[in-house]
Amino acid sequence: MLHIYNSLTRKKELFTPREAGKVGMYVCGITVYDFCHIGHARMFIVFDVLFRHLQALGYDVNYVRNITDVDDKIIARAAENNQSVSELTSHYIDAMHADEAALSVLRPTHEPRATGAIDDMIALIERLIDLGFAYAADNGDVFYSVGKFDGYGQLSGRKLEDMRAGERVAVDENKKDPMDFVLWKSVKPGEPSWPSPWGDGRPGWHIECSAMAKSHLGEQFDIHGGGMDLQFPHHENEKAQSEAAHGCTFANYWMHNGFVRVDEEKMSKSLDNFFTVRDVLKDYTGEEVRFFIINSHYRSALNYSNAQLDASRAALQRLYTALRGTHVKPDLGIEQNYVDRFDKSMNDDLNTAEAFAVLFDLASEINKLNSPESDEVTVLANTMRSLGDRLGLLQLDPDAALQGSPGDQSGLSAAQIDALIDERIAARAAKDFGRGDEIRDQLAQEGIVLEDTGGKTTWRRG
RNA sequence: GGCUGAAUGGCAGAGUGGCUAUGCACCGGAUUGCAAAUCCGUUUACCUCGGUUCGACUCCGGGUUCAGCCUCCA
């Protein structure tokens, strides 16, 4: 029985899909004008874990995550780079996909782009105007009348009057009410535009998601996710648009992931304190980054630091060390009581940190048995790999995982390492421990750790 | 100013009204030529002040501190 925290009610609730066995899920993706940073990675990974967990529970999941490929920042960046908007966006979409692959993020069922859904947006805006929830200004902009929608503020827990009192932004003179937000922006010179009943222009950000959600999931669906910062105004506005247009509840459950911080401050473009995924992958593997992110609860703040990534590396080393030498024989089955414990944690609002404890218990059990070849251990290893897969982890060959180095390949090759190990074995056999230790020290300088276990010497990167 | 959320051992991070989270680090032991890995054992907690209770880190209230949103933002 899956329980998830619903941002709308601010409570953990039993998850009940609209249609038995099926889940419709929409997650706000990114605006593609730059490389993804670790904050984006957290969103990808958190909802990827949810996607995997729902599938493991047997649901047929329709997971939609959009790409915003037209927006002020994109247009500005393209102009800066002296390239077209589509050149810029396709470049960063490719980069995003590469980053996701490195982090073992599964592709969503659908990944619609805003520019591919303009007609749907126009249709939705027309409907909102017909129903009296939106109006076109003289300059061709179209706005949503926030005051016309009763439930406005429900999702973000705000009252309209409080928001008006807190208004600190210069008000657009075309708006009837300062709280109104734009659905369609009239064209400006040199910007991409599409024809519409209100003249050439382009869509506002919020309407994109309402339109894409509707075309892939219908007027009503189960889960809507995104970063915490989107709760207001983006999700509040999406909800207002869709519910006004369709007269029914938009999403039943709203989920928001917490932020990645740097020095206890939000990681963001505007603070210029962000680490891109590809930069981090120069020093750490995708799996280490993924572990770091899943190691804490998805709603809590997560402070980024190298010390944290180092700790993730050490933790994964322990897990892979336990798997080393074990067979991969899925037909021998898995140990259900570990799976039950794991499910219990995951069903509690994706308590991944607690679920990890099950993996470490398995590692500990395997180590205690000290018989990697036995059927008993094989079953435990199967269980570990299977549960690891539920989190998108532990799918590598253990030796490859322990010996692989992230990013740029440099230093000694595997063949050179093996040659030195052979020499050391010979020296030790001749009781020349001085030479043996010298070789071990030499390898340690290169970050290679030797382990003489059970009469055999193995190595890993430290 | 308004609205959220958070404060746990050296670090990270779960959780619970009375019973070992887990990982890393530390200490003692086993193992090892010495290490490493592994095993066994040990140590270190619950921001503050009140209240409820036989008993609170866990529930309630006040306070303090921190973060987020209110403007583009995962």
Side-chain angles (χ1 to χ4, degrees), chain A residues 7 10 27-31 33 36-47 65 68 71-73 76 153 156-159 161-170 179 205 225-234 236 256-261 264-271 274 291-292 295-297 299-303 305 307-319 321-322 324 345 348 351-361 363-364 366-370 402 428 431-434 436-437 440-441 444 448-455 457-460 462:
Chain A
S7 306
R10 286 168 202 85
V27 172
C28 289
I30 64 165
T31 301
Y33 68 100
C36 296
H37 58 61
I38 293 296
H40 298 126
R42 188 176 194 191
M43 177 271 290
F44 292 143
I45 291 169
V46 162
F47 289 102
R65 193 186 61 210
T68 294
D71 134 295
D72 292 346
K73 286 189 176 172
S156 51
R158 290 154 210 266
K159 297 193 180 91
E161 49 269 35
D162 292 343
M163 289 189 261
R164 289 205 172 90
E167 190 66 50
R168 340 182 277 212
V169 186
M179 290 310 301
W205 177 37
M228 266 178 49
D229 52 349
L230 299 188
Q231 190 164 354
F232 188 88
H234 184 55
E236 190 72 62
H256 294 97
N257 67 274
F259 285 119
V260 177
R261 298 190 208 163
E264 303 305 334
E265 221 178 14
K266 176 180 172 178
M267 178 184 291
S268 74
K269 293 276 170 63
S270 42
L271 290 170
F274 62 92
F291 184 99
F292 160 67
N295 191 222
S296 64
H297 188 84
R299 282 189 283 118
S300 62
L302 179 57
N303 210 39
S305 71
Q308 285 302 315
L309 270 300
D310 289 342
S312 299
R313 170 170 296 173
L316 276 168
Q317 261 168 13
R318 177 166 169 82
L319 296 175
T321 299
R324 196 165 47 178
S345 299
D348 181 15
N351 193 338
T352 48
E354 198 175 72
F356 270 128
V358 178
L359 291 179
F360 285 103
D361 285 352
S364 181
I366 288 171
N367 289 336
K368 266 183 235 177
L369 289 167
N370 195 25
L402 292 166
R428 291 178 73 218
K431 302 273 184 220
D432 183 0
F433 295 119
D437 292 351
R440 187 167 64 196
D441 291 346
I448 306 298
V449 180
L450 295 187
E451 293 170 11
D452 303 321
T453 318
T457 299
T458 52
W459 65 274
R460 64 179 168 84

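Computed from heavy atoms alone, side chains included, the values below leave out hydrogens, waters and symmetry copies. Throughout, a chain's letter reflects where its sequence line sits, starting with A, and its residues are numbered from 1. Keep in mind that what you see is a predicted model, and the values were worked out from it rather than measured.
- Base engagement by A:Thr453 is indicated by at least one non-hydrogen atom pair under 4.0 Å involving a base atom.
- Atom CZ in A:Arg10 sits roughly 7 Å away from atom P in B:G5 (whole-Å rounding).
- Residue whose closest nucleotide on RNA chain B sits further toward the 5' end, between A:Arg460 and A:Leu316: A:Leu316.
- With B:G68, B:A14, B:A12 as the candidates, the nucleotide lying closest to the side chain of A:Gln308 is B:A12.
- At least one donor-acceptor pair under 3.5 Å links the side chain of A:Arg42 to the backbone N or O of A:Gly258.
- Going from atom CE of A:Met43 over to atom P of B:G68 covers 19 Å, rounded to whole Å.
- Atom CZ in A:Arg158 sits about 12 Å away from atom P in B:G5, given to the nearest Å.
- Residue A:Phe232 has its side chain nearest to B:C69 when only B:A74, B:C34, B:C69 are considered.
- Between A:Arg42 and A:Gly157, the residue whose closest nucleotide on RNA chain B is further toward the 5' end is A:Gly157.
- Phosphate proximity of B:A36 to A:Arg440: absent, as no side-chain N or O sits under 4.0 Å from OP1 or OP2.
- Between the side chain of A:Arg428 and the base of B:G33 there is at least one donor-acceptor pair of N/O atoms closer than 3.5 Å.
- A:Val358 comes within 4.0 angstrom of nothing in the nucleic acid, heavy atoms only.
- Judged purely by atom type and a 3.5 angstrom limit, A:Asn351 uses its side chain to pair as donor or acceptor with the backbone of A:Glu354.
- Atom P of B:G28 sits at a distance of 45 Å from the matching atom of B:G51, rounded to the whole Å.
- A:Asn367 has a side-chain polar atom (N or O) that falls below the 4.0 Å cut-off from OP1 or OP2 of B:C39.
- Within 4.0 Å (heavy atoms only), A:Lys269 reaches no atom of the nucleic acid at all.
- Distances shorter than 4.0 Å separate some side-chain N or O of A:Ser300 from OP1 or OP2 on B:A14.
- Taking atom NZ of residue A:Lys368 and atom P of nucleotide B:U38, one finds them 13 Å apart after rounding to whole Å.
- Put simply, the side chain of A:Asp437 and the base of B:G33 share a donor and an acceptor less than 3.5 Å apart.
- For the P atoms, the distance from B:U22 to B:U42 is 12 Å, rounded to whole Å.
- In this pair, A:His40 and A:His37 present their aromatic rings parallel. The plane angle is below 30°, not in the 30 to 60° band.
- Comparing B:U22, B:C70, B:A74 by their nearest atom to the side chain of A:Asp361 picks out B:U22.
- Across B:U58 and B:C24, the matching C1' atoms stand 26 Å from one another, rounded to whole Å.
- The separation between A:Leu319 atom CG and B:G23 atom C1' is 9 Å, rounded to whole Å.
- One finds no side-chain N or O of A:Lys159 lying less than 4.0 angstrom from the OP1 or OP2 phosphate oxygen of B:C70.
- Residue A:Phe259 is in base contact, counting any heavy-atom pair closer than 4.0 Å across all strands shown.
- Nucleic acid contact for A:Asp452: base, since at least one base atom lies under 4.0 Å from a heavy atom of the residue.
- Residue A:Gly258 is in base contact, counting any heavy-atom pair closer than 4.0 Å across all strands shown.
- Counting only heavy atoms from C-beta on, A:Met228 has its side chain closest to B:G68 among B:C72, B:A12, B:G68.
- Ion pairing of A:Arg313 with A:Asp310 is absent here, as no side-chain N (NZ or NE/NH1/NH2) approaches a carboxylate O to less than 4.0 Å.
- Going from the P atom of B:C69 to that of B:A36 covers 46 Å, rounded to whole Å.
- When the nucleotides B:G33, B:G68, B:A36 are ranked by their closest atom to the side chain of A:Glu265, B:G68 comes out on top.
- The heavy-atom pair separating A:Phe232 from A:Ser156 by the smallest distance is CD1-OG, 3.2 Å.
- Closest contact between the side chain of A:Asn351 and the listed nucleotides B:C70, B:G15, B:G68 involves B:G15.
- The base of B:C72 is paired with the side chain of A:Lys73 by a donor and an acceptor separated by under 3.5 Å.
- Of the candidate nucleotides B:A14, B:A74, B:U22, B:A14 has the atom nearest to the side chain of A:Ala353.
- Residue contacts shown for A:Leu450 include a base, since a base heavy atom lies under 4.0 Å away.
- The closest donor-acceptor contact from the side chain of A:Glu236 to the backbone of A:Gly153 lies under 3.5 Å.
- The same atom, P, is picked in B:U52 and in B:G61; the two are 15 Å apart, to the nearest Å.
- Whole-Å rounding puts the A:His297 NE2 to B:G5 P distance at 14 Å.
- A:Asn303 places a side-chain N or O within donor-acceptor distance of the main-chain N or O of A:Glu264, the cut-off being under 3.5 Å.
- Taking atom CZ of A:Arg299 as the reference point, atom C1' of B:G68 lies 14 Å away to the nearest angstrom.
- Taking every side-chain heavy atom of A:Leu230 into account, B:A74 is the closest of B:A14, B:A37, B:A74.
- Remark: the backbone N or O of A:Gln308 is paired with a side-chain donor or acceptor of A:Ser312 at under 3.5 angstrom.
- The side chain of A:Arg318 places an N or O atom within less than 4.0 Å of a non-bridging phosphate oxygen (OP1 or OP2) of B:U38.
- With rounding to whole Å, A:Phe291 atom CZ is found 12 Å from B:A14 atom P.
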